[in-house]
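Here's the structure, in structure tokens; my notes come after.
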Amino acid sequence: MAKGTATIAPDKLSAADAKAELARLAREIARHDQLYHQDDDPEISDAEYDALRQRNAAIEQLFPKLVRADSPSLKVGAAPAAGFSKVAHRRPMLSLENGFTEEDVADFFARIRRFLKLGPDDPIDIVAEPKIDGASASLTYENGAYRLGATRGDGSVGEDVTRNIATIGDVPQKLKGRNTPALLELRGEVYMTRQDFIAMNERRAAAGEPLFANPRNAAAGSLRQLDPQVTMSRPLHFFAYSEGDSDGALDRIKTQWEFLEQLRAWGFAVNPLARRCATPDEALAYHRELAAERATLPYDIDGVVYKVNRRDWQQRLGLVSRAPRWALAHKFPAEQAETILEKIDIQVGRTGALTPVAHLKPINVGGVVVARATLHNEDEIARKDIREGDSVIIQRAGDVIPQVVQVVLAKRRKGARKFRMPETCPVCGSHAIREPDEVVRRCTGGLICPAQAVERLKHFVSRGAFDIEGFGAKHIQAFREDKLVQSPADIFRLHKRRDEIEDREGWGKQSVEKLLAAIEQRRQIGLDRFIYALGIRQVGEATAKLLARNYQSLKALRAAMKEAQDEESEAFRELDNIEGIGPSMAADIVGFFGEPHNLEALDDLTSEIGVEDAKLPTVSGSRVAGKTVVFTGSLETMTRDEAKARAETLGAKVAGSVSKKTDYLVVGADAGSKAKKAAELGVTTLTEQEWLALIGG
Ligand code: IVH
């Protein structure tokens, strides 16, 4: 047993002793963590604590197969033990659209021009800023005093890290100057300099602690420490760059540039490299300059952010799904490196798609070790003539999965064979077929294919779906193999099998408790997340939101989809008519609801959980909330896109053509057949002026 093993040198331990010793160390270290972080009452010195961790790491290195799921070495940067309380952002924390080429930048400007109906010579002033590679955070000030700090989280709800952010020197406790607003919420980036990151990793290596992969992970991990003392010991910085919400205090500020100046005046650190640009060419020149300077900057940047300078224009431009139409992240070109492609492996996704994946000889690309790259599909492999054993150039751009750019043909060894895609599923052995108009080959195993089942479950619990914390891929796979979880509904029955889980290797009372609590928290879920979780082909988060918004309840959605099985039905037309849903997507959605086993799975699931109806944004004073509107003809005071965006912010649904469900048809000049149809159906027709009057100008 474990007794006595504590004094044996790691390399003298038998496998059985090593296992017992790792279990003991996990317990011991967790206990000391608790004493130190929660109880503020450590029993041992820091050096003794470090020695325990070092011993744990040394044994794990000798016996990698014995690393425990609850190993102390895996706990860095992961969700903290007791967790933070949640903070709902006053306004969603958005992401940015990415551009990579000069053409993408030209498109960005052209779109703004179109949207705002600007002439070809009207200038569009922008502010260009470095895109800091850190972790975004939201800071709230009340009457000039720092009150709340939060992580981005999923964009709607973040974690309360108020005390941690308070330890960052660049964050003022009090806003400078008089006339401070009653309420100010602003956003910015928490980051770590490269030098600090390297020094910190050296200290961690010396202490036998796991290393952070890059400054961004280090910043994000440090921000999410339960103990603010730990965060304080980490060299974090902060740049402020955008507004979140305010009580009108910013109304007098007309431009992004003035906003940055105001931030400086209040005492924030604002990136000194931000620059105003009057033309796309100036913006591109800035991008080139910064790309050249990048390596010499003290912190990591991964591109440039362009923002429309005029705030009234920002307002008008609004959003496209989760990103502002008035901003673009112009990323730097990908970093490349050469390595050997050792093997091509086939992965099976949740829809049965067979995806070839390259296993590479691990190589460092721009600071990150890469061992795998996606090969997309068989046509891509054929086009690039990629073969096992080839020397290949790979590249990494931003957060995307590394890709194989090309083969170094000069280095191809003799006898290298062309790659052939398997015609059966490597996991379940069913035929894998390729439909004539598709590029992917799919496993026909459906429900019997374990790979698909696991992928579907993984998707089901993923962040944008049920978001069940602590239920990772490894657990899902193991639970499925042991028949604890076969279908999504089974997850919500796991509480009945508590004892079985507790008896499993790597699980204990506490970890089971935590998992079951995380599951219980999700027994009620919003319709949009629910739809996304179903994993219908082509239905991502944005489409799921569209569906939720349009049908509002699961019951209504199911009824409509039943009727829509007939492609001639009104219900099918209505689905196809939703702006943002095309015919092929509509076919996949209807197809999903036409499969009896999907309907059974839905019934089973809804017997365990509750799906909340979608709430249309309650826009105070909006007279068009919940109404379905169609725009036709050309409008005078705004573009069609702008009109649509306005209507949606006011809670209206915008459709592409007139049907019985249409509440208003707004007709501009040269309206065609839609006006006639509306008249036939008795739909209210409004002129542009009448519409503006209805929505309040
Ligand atoms: S503005 C509404 N400006 O990039 C616009 N974001 O890829 C909100 N980021 O989540 C963001 N530097 O964390 C903005 N100068 C900068 C930035 C920046 C880094 C991050 C931010 C955002 C992410 C999107």
Side-chain angles (χ1 to χ4, degrees), residues 89-100 104 108 112 126-139 149-159 161 165 168 170 185-193 214-220 223-224 236-246 250 255-257 259-261 263-264 268-277 283 286-287 290-291 294 297-311 313-332 397-400 463 645 649:
H89 298 302
R90 294 170 170 278
R91 295 205 200 140
M93 283 183 81
L94 304 168
S95 50
L96 290 169
E97 186 189 319
N98 288 331
F100 294 93
D104 294 340
F108 168 68
I112 292 170
I126 63 143
V127 173
E129 304 167 11
K131 186 170 183 311
I132 314 295
D133 207 359
S136 50
S138 146
L139 275 50
T151 62
R152 179 174 187 279
D154 65 1
S156 306
V157 178
E159 287 166 323
V161 288
I165 287 184
I168 302 175
D170 296 329
E185 193 224 325
L186 59 92
R187 279 101 192 245
E189 205 81 357
V190 174
Y191 67 97
M192 197 179 279
T193 66
N214 52 47
R216 177 178 37 149
N217 288 358
L223 193 56
R224 297 179 74 250
L236 294 177
H237 294 271
F238 181 79
F239 277 132
Y241 52 61
S242 81
E243 78 164 294
D245 200 5
S246 67
L250 298 176
T255 63
Q256 167 73 6
W257 190 255
F259 172 65
L260 292 179
E261 282 173 345
L263 287 174
R264 263 190 210 107
F268 291 98
V270 171
N271 194 293
L273 300 172
R275 184 186 298 170
R276 256 177 304 185
C277 301
Y286 176 83
H287 185 267
L290 223 55
R294 180 182 185 188
L297 292 179
Y299 42 82
D300 277 357
I301 62 174
D302 58 345
V304 166
V305 186
Y306 305 132
K307 300 175 183 174
V308 168
N309 195 26
R310 277 178 60 165
R311 289 173 27 103
W313 282 3
Q314 294 183 359
Q315 194 75 32
R316 282 176 61 193
L317 285 160
L319 308 181
V320 215
S321 95
R322 312 267 307 156
R325 204 179 263 111
W326 46 265
L328 180 76
H330 186 185
K331 297 297 211 51
F332 290 134
D399 291 339
V400 302
R463 204 163 183 198
T649 1

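As the structure lists them, so they are numbered: ligands from 1, and atoms in each ligand from 1. Just so it is clear, the structure is predicted and the values come from calculations on it, not from any experiment.
- Atoms CH2 and CG, from Trp326 and Leu96 in turn, are 8.0 Å apart once rounded to the nearest 0.5 Å.
- Checked against side chain to side chain donor-acceptor pair (under 3.5 Å), His237 has the following partners two or more places apart in sequence or in another chain: Asp170.
- Considering only heavy atoms from C-beta on, Ile301 stays 4.5 Å or farther from Lys131 through its side chain.
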Distance dump, ligand 1 polar atoms to protein, N/O, under 3.5 Å:
from     : atom 1 : to     : atom 2 : distance (Å)
ligand 1 : 3 (N)  : Lys307 : NZ     : 3.0
ligand 1 : 4 (O)  : Lys131 : NZ     : 3.2
ligand 1 : 7 (O)  : Lys131 : NZ     : 3.2
ligand 1 : 12 (N) : Ile132 : N      : 3.0
ligand 1 : 13 (O) : Ser136 : OG     : 3.3
ligand 1 : 13 (O) : Glu189 : OE1    : 2.7
ligand 1 : 13 (O) : Glu189 : OE2    : 3.4
ligand 1 : 13 (O) : Tyr241 : OH     : 3.2
ligand 1 : 15 (N) : Glu129 : OE1    : 2.8
ligand 1 : 15 (N) : Pro130 : O      : 3.3

Are Glu129 and Leu260 close enough, and set up right, to give a side chain to side chain contact (heavy atoms under 4.5 Å, CB included), and what steps lead you there? CA-CA 11 Å; Glu129 304 167 11; Leu260 292 179; 3.7 Å; yes
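- The minimum heavy-atom distance linking Ser95 with Pro324 is given by the pair O-CD, 3.2 Å.
- Proximity of His89 to Arg187: side-chain heavy atoms (C-beta onward) are separated by under 4.5 Å at one or more points.
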